[in-house]
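Some notes on the structure that comes next.
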4 protein chains.
Amino acid sequence: MRQEKRKELTRKKILEAAKQVFLQKGYATTRIADLVKKSRLARGTFYLYFQDVEQVLNALLQEVFIDIQRSVTELQVEALDHENFKIGLSELAKSLLAVFQKHSAVVGLLLTTMNSEPSIRVQTAWFQELTQATIRVMLERGIQSGRLKNHDPELMAFLVMGGLREVVTHWLIDGRYSKDIAVKVDEMIAIYMNGVERETQK
Amino acid sequence: MRQEKRKELTRKKILEAAKQVFLQKGYATTRIADLVKKSRLARGTFYLYFQDVEQVLNALLQEVFIDIQRSVTELQVEALDHENFKIGLSELAKSLLAVFQKHSAVVGLLLTTMNSEPSIRVQTAWFQELTQATIRVMLERGIQSGRLKNHDPELMAFLVMGGLREVVTHWLIDGRYSKDIAVKVDEMIAIYMNGVERETQK
Amino acid sequence: MRQEKRKELTRKKILEAAKQVFLQKGYATTRIADLVKKSRLARGTFYLYFQDVEQVLNALLQEVFIDIQRSVTELQVEALDHENFKIGLSELAKSLLAVFQKHSAVVGLLLTTMNSEPSIRVQTAWFQELTQATIRVMLERGIQSGRLKNHDPELMAFLVMGGLREVVTHWLIDGRYSKDIAVKVDEMIAIYMNGVERETQK
Amino acid sequence: MRQEKRKELTRKKILEAAKQVFLQKGYATTRIADLVKKSRLARGTFYLYFQDVEQVLNALLQEVFIDIQRSVTELQVEALDHENFKIGLSELAKSLLAVFQKHSAVVGLLLTTMNSEPSIRVQTAWFQELTQATIRVMLERGIQSGRLKNHDPELMAFLVMGGLREVVTHWLIDGRYSKDIAVKVDEMIAIYMNGVERETQK
DNA sequence: AATGAATGAGGCTTCATTCAT
DNA sequence: GATGAATGAAGCCTCATTCAT
């Protein structure tokens with residue numbers, strides 16, 4: 001009982017240290033020695049909980065995975081059934097942003113590592129797939145219900161995914177849009193929904 | 001001089017080897033040993049040309065930088081003056097894609113490394129900035145001339161940049177859209193220009 | 001703690017190995033590999049205690065520094081107050097020789113390295129200065145008390161220092177004067193005190 | 001004929017470069033690359049004249065050896081036969097100093113390297129021996145002729161040798177006694193001849 | 001459980017040396 | 001003769017991993 005708690009605490013220490021170190025010097029250059037030093041544990045202790053740095057990264061990603069997945073699946077249904085599609089989308093996006101902000105360090109990590117090493121891409125594939133799938137499903141339903149134009153759902157998913165990542169990256173990592181991120185999200189939706197071209201000859 | 005040629009050849013050997021190795025095992029895990037093995041040179045020879053692996057990456061990026069910059073600046077003017085804005089955009093995009101395809105390995109590298117480690121982000125900042133600037137200029141002129149809606153140019157630049165990167169990544173790295181990339185580009189432009197929402201109650 | 005003792009032991013092992021290796025092949029050509037081989041430790045272990053070979057040399061010199069300084073300062077006072085100046089000097093010299101003999105390997109090292117590379121001269125400057133200062137102080141007091149002629153104390157210090165080093169070098173390194181070093185020291189003192197010229201026309 | 005001169009010139013270039021480099025960064029850390037760079041010759045050219053850095057050192061020492069030996073042997077005879085022994089000594093010393101000054105860079109090198117590495121000690125042994133022998137011979141003759149006290153000639157040679165080296169080192173390397181070196185030499189002789197102790201009870 | 005000293009494989013870097021031009 | 005690109009052995013250093021305490 002006591003042991004259990006203590007073990008959990010030590011594990012947390014490592015994860016917390018990792019978050020900070022990854023943020024400071026990046027995942028690729030982080031050594032076990034860095035984690036051990038930051039967490040103020042002994043070198044050997046690390047190996048009682050993780051095999052290597054990658055496992056620590058995965059553990060961190062795991063944490064956010066659950067939250068992101070829940071937020072997406074719960075809201076997806078509501079969003080689609082919403083009489084006003086745009087408002088539904090907006091809510092989905094904002095709920096997602098709230099999760100991102102809660103785990104900002106790890107999400108930042110996710111965004112910067114997901115496209116780097118082949119070995120890591122595997123670990124972040126779930127995020128890619130989850131996002132892709134969510135967007136595709138929404139688009140397909142929108143097309144079926146006649147509310148959306150008949151564009152290639154996959155292509156559209158790529159665009160939204162990429163745009164979202166770019167904006168979130170600047171938001172979380174560069175400290176852009178500190179407060180008015182919600183406004184920007186609505187602008188994003190407006191652009192994707194109605195485009196930027198003025199309807200001249202109307 | 002014969003020597004001069006030989007030097008140039010050796011340098012090329014290293015760069016060529018690096019392209020292949022980076023592609024295969026990713027930049028972050030590439031060792032000098034990998035490069036000298038692939039290029040079939042002696043360990044010491046590497047140091048006559050580069051200090052470390054990062055310098056090799058930079059040399060590769062440098063090559064494409066010139067081509068990309070030229071392609072963008074040359075066509076930008078034409079695109080903007082084109083009577084049909086969309087066709088101009090399409091041509092700009094396709095010309096850019098041609099450059100990307102010519103340097104596909106390095107551009108793939110650029111796309112995967114640009115958002116990773118802090119140290120590398122510095123090296124790829126030019127690409128970010130060039131793309132951002134190009135898109136912003138075009139948008140701002142479009143807004144001024146009344147052809148485009150008054151959206152935040154920076155936000156729009158992020159969206160296009162992100163979407164483009166996502167699509168190009170799947171194209172170059174995953175082998176998606178092998179042939180019909182041109183079609184997809186036009187679809188991308190259509191989406192950004194006119195949005196995906198159907199104008200129902202018109 | 002057990003650990004503490006073990007650490008101290010390992011450090012000692014390295015220092016002991018260094019003493020032997022320096023003696024055998026000289027400081028300048030000693031490699032870390034030599035030290036780990038002689039001390040029968042792993043390559044990496046060396047770096048837990050020292051950064052490079054120079055640090056090992058400094059650690060060794062540090063040890064003797066303390067002993068030499070103590071022996072010199074303690075006896076200096078007595079020597080000067082001695083009614084018979086020469087006997088006082090003799091005792092000071094012999095006490096110094098005892099310290100030299102105790103640390104013969106390191107003192108030999110000190111004598112051979114002190115005038116070599118610029119980088120090392122810095123490390124042995126304390127010895128130069130200590131010796132210089134000691135001799136100067138003694139001379140100046142001797143001059144003031146009227147017991148010594150009014151020669152340039154610095155010059156005199158150089159002569160004694162040089163002579164002492166030469167003799168000690170031959171004693172410690174070449175194995176000269178194995179037993180009668182004490183006799184020779186008294187002869188040195190006699191020479192410095194009364195000169196070698198016969199007082200002919202007295 | 002032409003070739004001969006050219007060869008000699010190239011050799012000189014290397015030796016001159018070596019003098020400067022040795023002076024700047026010390027003998028032990030001087031690399032062939034340093035000599036090649038300073039002499040503005042090609043790497044391969046070096047090997048047409050010398051095998052390694054030690055050979056260059058030896059060549060430099062060789063030059064001074066001849067001058068020193070001549071100066072010593074020529075003057076030795078005169079000095080000993082001089083009716084005033086002290087004046088003879090003084091002239092010998094000053095003539096030696098003139099040679100030292102002429103070759104100051106190399107003599108400085110000689111003084112700093114002669115007691116370092118075992119391998120180099122061999123190369124500078126001639127200097128040790130020459131000086132020792134000269135001093136011993138002079139002392140022995142002085143003793144025989146009744147002008148000098150009956151001290152151990154070898155010991156005395158060590159003292160003079162050491163003192164001389166110390167003073168010359170400070171003169172050549174540290175820039176001490178820039179002008180009044182001659183005065184100091186006479187003071188040295190006075191000390192060795194008559195000692196520093198005042199003849200109180202006379 | 002936790003510790004941290006010790007290990008040695010693996011990667012980095014320098015530099016003497018060769019050899020084709 | 002002179003050149004300097006290429007070489008690879010030798011030394012340096014880091015760091016994941018083990019293990020006795």
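Each chain gets a letter, A, B and so on, in the order its sequence line appears, and its residues count up from 1.
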Side chain proximity check, D:Thr112 to D:Tyr27, heavy atoms < 4.5 angstrom:
no
dist D:Phe50:CZ -> D:Ile14:CD1 (nearest 0.5 Å) comes out at 5.5 Å
Separation of E:dG4 atom P from C:Lys5 atom NZ, nearest Å, is 19 Å
Closest heavy-atom pair, D:Gln55 versus D:Gln51, reported as atoms and distance to 0.1 Å, is OE1-N, 3.2 Å
Check every strand shown and say whether B:Tyr49 touches a base, only sugar-phosphate, or nothing at a heavy-atom separation below 4.0 Å. sugar-phosphate
dist A:Arg121:CZ -> A:Thr113:OG1 (nearest 0.5 Å) comes out at 11.5 Å
A:Asp34 CG to F:dC15 P, in whole Å, measures 8 Å
key: Test: C:Glu16 and C:Lys19 ion pair at under 4.0 Å   = yes
key: Main-chain N/O of A:Arg31 paired with A:Asp34 side-chain donor or acceptor, under 3.5 Å   = yes
Here the distance between atom P of F:dG4 and atom CG of B:Leu48, to the nearest Å, is 13 Å
Atom CD of A:Glu8 and atom P of E:dA2 are separated, to the nearest Å, by 11 Å
Between CZ of D:Arg11 and C1' of F:dG1 the distance, given in whole Å, is 16 Å
Could you tell me whether the side chain of A:Thr45 and the main chain of A:Leu41 form a donor-acceptor pair under 3.5 Å? no
Listing for DNA chain E: consecutive Watson-Crick or G-U pair runs of at least 3, distance cutoff 3.5 Å, ranges ordered by first number, gives E:2-21 with F:2-21
B:Gly108 and B:Ile173 have their tightest heavy-atom pair at O-CD1, 4.0 Å
Rounded to whole Å, the CG-C1' distance (A:Leu35 to F:dC15) equals 13 Å
Picking from F:dT3, E:dT3, E:dA6, the nucleotide nearest the side-chain atoms of C:Arg6 would be E:dA6
| message | So, OP1 or OP2 of E:dA5: does either fall under 4.0 Å of a side-chain N or O from C:Thr10? | response | no
In whole angstroms, the gap separating P of F:dA6 from CD of B:Glu4 amounts to 11 Å
Pairwise N/O distances under 3.5 Å, protein to nucleotides 12-16 of chain E:
{"from": "E:dC12", "atom 1": "OP2", "to": "B:Ile32", "atom 2": "N", "distance (Å)": "3.3"}
{"from": "E:dT13", "atom 1": "OP2", "to": "B:Tyr47", "atom 2": "OH", "distance (Å)": "3.2"}
{"from": "E:dC15", "atom 1": "OP1", "to": "D:Arg31", "atom 2": "NE", "distance (Å)": "3.0"}
{"from": "E:dA16", "atom 1": "OP2", "to": "D:Ile32", "atom 2": "N", "distance (Å)": "3.2"}
{"from": "E:dA16", "atom 1": "N7", "to": "D:Arg43", "atom 2": "NH2", "distance (Å)": "3.3"}

Point to revise | Salt-bridge present (B:Lys5, B:Glu8; N to O < 4.0 Å) | key: no
To the nearest angstrom, the CD-P distance between C:Glu54 and F:dC13 comes to 12 Å
